[in-house]
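Report on one structure; see the data block that follows.
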Amino acid sequence: FQQSLFLFIKLLRFYYLSFKNRVHKVRKMATRLPKNYTPTDKEPFMNAKQKEFFRRKLNDWRDEIISETKETLNNLQYESSNFADLADRASSETDRSLELRSRDRQRKLIAKIDEALSRIDDGSYGYCEETGEEISLKRLIARPIATLSIDAQESHERKEKIYRDD
């Protein structure tokens, strides 16, 4: 358990440092958004306002995950006391294991968020990786890390199901 906690702390430090660098970079190039701005189909696709909207959405999501991770770390350190009862200890270990697995999934999500932020920077954000078509704004608002259009995603899932059934 201590090794897992050590790796978790190391990972948290890495994300914190990368977050600090990203915030500094974003502050330099931020575009002003009107209050309560939401992208619409009436404006040019992935204009500066839309890019800034999604950049902020992704950064806020990332910040929320990192905050939850810090909270988890504090809870794990606080709860790392010895239990007299073996059942209590087993229950606590199971809870910790589940929490660490959940945080690992969120670590992977942070990597996808970082990839999406990189795509915003290089201009490929919002375009399907398979077809090159625009991903709908509704889809991007619902799932800002989307890399495939709805049609391409459905096709991918159908192929995946076929191979899984074999």
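- For E115, there are no salt bridge (charged side-chain N to carboxylate O under 4.0 Å, His left out) partners at least two apart in sequence or on another chain.
- When all heavy atoms of E130 and A152 are compared, the pair lying nearest together is OE1-CB, 4.1 Å.
- Judged by distance alone, the side chain of T69 and the main-chain N or O of I65 form a donor-acceptor pair under 3.5 Å.
- Scanning all heavy atoms of the two residues, the minimum distance from A116 to L58 falls at CB-CD1, 3.7 Å.
- Remark: S149 OG to E129 CD distance equals 11.0 Å, nearest 0.5 Å.
- Distance alone, capped at 3.5 Å, is enough to place a donor-acceptor pair between the R139 side chain and the L148 backbone.
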- Worked check of side chain to side chain donor-acceptor pair (under 3.5 Å) between S124 and D122: CA-CA 6 Å; S124 63; D122 72 20; 2.6 Å; yes

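- A continuous path of Ile, Leu, Val, Met, Phe, Trp and Tyr side chains, each step under 4.5 Å between heavy atoms, connects F45 with I120, placing both in one hydrophobic cluster.
- With rounding to the nearest 0.5 angstrom, the CZ atom of R158 is 10.5 Å from the CD atom of Q153.
- Rounded to the nearest 0.5 angstrom, D114 CG and S118 OG are separated by 6.5 Å.
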- Would R56 and D60 count as a salt bridge (Lys or Arg N to Asp or Glu O under 4.0 Å) if you check the C-alpha gap in whole Å, the side-chain angles of each, and the deciding distance to 0.1 Å? CA-CA 6 Å; R56 289 182 187 182; D60 289 347; over 6 Å; no

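- Closest approach of R119 to I145, counting heavy atoms only: NH2-O, 3.6 Å.
- Between A146 and I135, the closest heavy-atom pair is O-CD1, 3.7 Å.
- Transitive grouping of hydrophobic side chains (ILVMFWY, heavy atoms separated by less than 4.5 Å) brings L117 and I141 into a common cluster.
- With contacts defined as side-chain heavy-atom distances shorter than 4.5 Å, the pair Y127/E133 does not qualify.
- No side-chain heavy atom of L137 sits less than 4.5 Å from a side-chain heavy atom of T38.
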- Verify side-chain contact (heavy atoms from CB on, under 4.5 Å) between I66 and K70, making sure each step is shown before the conclusion. CA-CA 6 Å; I66 289 174; K70 287 179 183 177; 4.0 Å; yes

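- Contact detail for M46 and Y125: the closest heavy-atom pair is CG-O, 3.4 Å.
- Taking the side chain as every heavy atom from C-beta outward, K108 and D104 approach each other to under 4.5 Å.
- Residues E52 and R55 are paired through a salt bridge, judged by an N-O separation under 4.0 Å between the basic side chain and the carboxylate.
- Scanning for side chain to side chain contact (heavy atoms under 4.5 Å, CB included) contacts around E43 gives Y37, P39, T40, N47, Q50, with sequence neighbours left out.
- Between the side chain of S102 and the backbone N or O of L98 there is no donor-acceptor pair closer than 3.5 Å.
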